[in-house]
Amino acid sequence: MKFIHAADIHLDSPFKGLRKAPDQIWNLIHDSTYHAFANMVSTAINENVDFVLIVGDLFDQIQHSIRADLFVNDQFERLNQQQIPVYLSYGNHDYLNENTEIIDYPKNVHVFPKQPQEEYLTLKDGTTVTIVGFSYDKQAVKEDVVSGFPSRSQTDFEIGTVHGSLDTLNAPEANYAPFSKGELLALHYDYWALGHIHKRQILNEDPAIIYPGNLQGRHKNEPGAKGFYLVSSEGQKLNPEFIAASVVDWQTVIIDAEAKDSFDNIVKKILNAIENLFDKKPTFVDVKIKNAQALGNSILIRIKDDSLLEVVQQKLLKSSSSWVYEIAPVPTHEISNLSALDNEFWEQSRKKVFTAENIDKTAGKLLNYKFITEELDDEPQDTQLQELAETLLLENGGREEQNDEDIKD
């Protein structure tokens, strides 16, 4: 037996922060989720898999574009021509709604309903498989749906599919369809195909409990290779192999500024760092400039007003497949330069304060405005808020140190 486990394709992701990019850059990133999905389908055909699992968030939003609908149908038809079944769950981004009903998928596509359902499959060699899954019928499914999963059947293999979050997981996407690891293991299934968390991770090896991550990184908090798992059987054991499908990477470059640096020197440092760090794969880069306070005031102004960013972008358009979308200074001192006691309190507070639940609670009624919820959903905010808090802490700490020196003088 051989199958593909994928999740979180997010077709039609808006990539809001890049809308002002030149057409060639915008088209590259906007089409990236489509190309990644097509890469996955091509692998399924080339590997002659028995079936494909898509565990939630095929689309980024409930109102799909016509392009996205037609594209998905074309890709599913490619699989249909090879007699490869698809087992599809809808997640919190593309939950079951009136738009779902107008999509006429090919006959090889099986969509799970809102309640856990068993699908039975007999492979060409006679192997029998049970696949259990469910779809969201609303954006926020907060109850434990796994508790309604059936006991293991008598088929050769049993696979559970869950778009949700481990109850102990600390992630921006947590708190949807929560489940425990023990709860999954108690059902004695042979494989758990998870979705919803965009960071690739194996929660358990035997039986495998796996988040494949999303198929294509969509912002700086989703760096590195993205893809899916190709799972093959060896006797009763299932062996997962990660396969990269993403066509665009996201990375951070850090350069060190010196007092002697001119504007041109800074530009060269950035371009050299990008050239040395990345291969020919298109990469979207945010640049951090350490020790920026050592630079002349005229350069600092050109960093702040994005003049430096524009110069770097123009040069990259002529010679590189990479694109810098942000250049910013970073704190001069590490947060650990706070006193040991302050640092301990900071670490404790950071873990408790910067959670998706607290961000939503703080936003309060502002979440009634669609443009605000879309902004919060488009990119995890906890990392950005932590960076801002650290910068303010260090700046205040620096001012306090200066005040102490003034008092001594």
Side-chain angles (χ1 to χ4, degrees), residues 13-22 25-26 28-29 172 217-224 248-278 282-317 320-338 346 350 353-354 359 372 375-399:
S13 289
F15 298 102
K16 296 175 184 176
L18 294 168
R19 283 179 176 172
K20 295 181 180 179
I25 301 299
W26 167 248
L28 175 65
I29 187 60
R218 300 176 302 139
H219 45 68
K220 65 182 179 181
N221 291 329
E222 296 176 350
V248 171
D249 198 3
W250 296 80
Q251 295 291 350
T252 297
V253 161
I254 300 176
I255 67 166
D256 291 306
E258 301 175 79
K260 64 181 181 180
D261 282 332
S262 65
F263 181 80
D264 287 342
N265 288 146
I266 293 296
V267 172
K268 289 178 181 177
K269 283 185 174 183
I270 293 172
L271 295 177
N272 288 339
I274 292 172
E275 181 180 354
N276 294 333
L277 189 59
F278 305 122
T283 306
F284 285 74
V285 185
D286 75 298
V287 176
K288 305 295 187 186
I289 302 178
K290 293 181 66 175
N291 199 35
Q293 78 287 343
L295 297 171
N297 190 53
S298 61
I299 300 178
L300 292 175
I301 291 173
R302 299 184 77 176
I303 295 173
K304 187 175 182 180
D305 68 9
D306 285 340
S307 296
L308 174 61
L309 177 62
E310 185 175 352
V311 169
V312 171
Q313 288 175 338
Q314 290 301 316
K315 289 184 177 294
L316 288 174
L317 277 175
S320 176
S321 60
S322 296
W323 179 253
V324 173
Y325 61 90
E326 181 180 78
I327 299 177
V330 294
T332 307
H333 307 288
E334 297 296 332
I335 196 73
S336 59
N337 284 350
L338 295 170
W346 162 251
R350 179 180 63 80
V353 172
F354 297 102
I359 292 172
I372 292 179
E375 184 66 26
L376 288 173
D377 285 341
D378 189 47
E379 181 170 336
Q381 302 295 311
D382 59 335
T383 302
Q384 296 182 28
L385 292 172
Q386 287 182 52
E387 290 176 354
L388 176 60
E390 288 180 8
T391 301
L392 293 173
L393 278 171
L394 291 169
E395 288 178 351
N396 289 335
R399 281 195 287 270

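Within the model, atoms CG of Leu308 and CD1 of Ile327 stand 4.0 Å from one another, a figure rounded to the nearest 0.5 Å.
Between the side chains of Thr252 and Asp286, at least one donor N or O sits under 3.5 Å from an acceptor N or O. No side-chain donor-acceptor contact under 3.5 Å links Ser262 and Asp264.
More than 12 heavy atoms of other residues, nucleotides or ligands shown are found within 6.0 angstrom of CD on Glu326. The number of heavy-atom neighbours closer than 6.0 Å to NZ of Lys315, taken from other residues, nucleotides and ligands shown, is 12 or below.
Heavy atoms only, all atoms of each residue included: Lys290 and Val330 are closest at CG-CG2, 3.4 Å. The shortest non-hydrogen separation linking Lys220 to Tyr325 is CB-OH, 2.8 Å. Residues Ile25 and Phe284 come closest through the heavy atom pair CG2-CE2, 3.6 Å.
A cation-pi arrangement, defined by a distance under 6.0 Å to the six-membered ring centre and an angle within 45 degrees of its axis, is present between Arg302 and Phe263.
Using a distance-only test at 3.5 Å, with no hydrogens or angles considered, a donor-acceptor pair links the side chain of Glu222 to the main chain of Arg218. A donor-acceptor pair under 3.5 Å links the side-chain atoms of Asp249 to the main chain of Gly224, judged by distance alone.
Below 30°, between 30° and 60°, or above 60°: for Trp250 and Phe15 the angle between ring planes is below 30°, a parallel geometry.
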Evaluation steps, side-chain contact (heavy atoms from CB on, under 4.5 Å), between Val253 and Ile270
CA-CA 8 Å; Val253 161; Ile270 293 172; 5.8 Å; no
Verdict with reasoning, Leu317 to Trp323, per side-chain contact (heavy atoms from CB on, under 4.5 Å):
CA-CA 8 Å; Leu317 277 175; Trp323 179 253; 3.7 Å; yes
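The pair Glu275-Lys268 does not count as a salt bridge, with every side-chain nitrogen at least 4.0 angstrom from each carboxylate oxygen.
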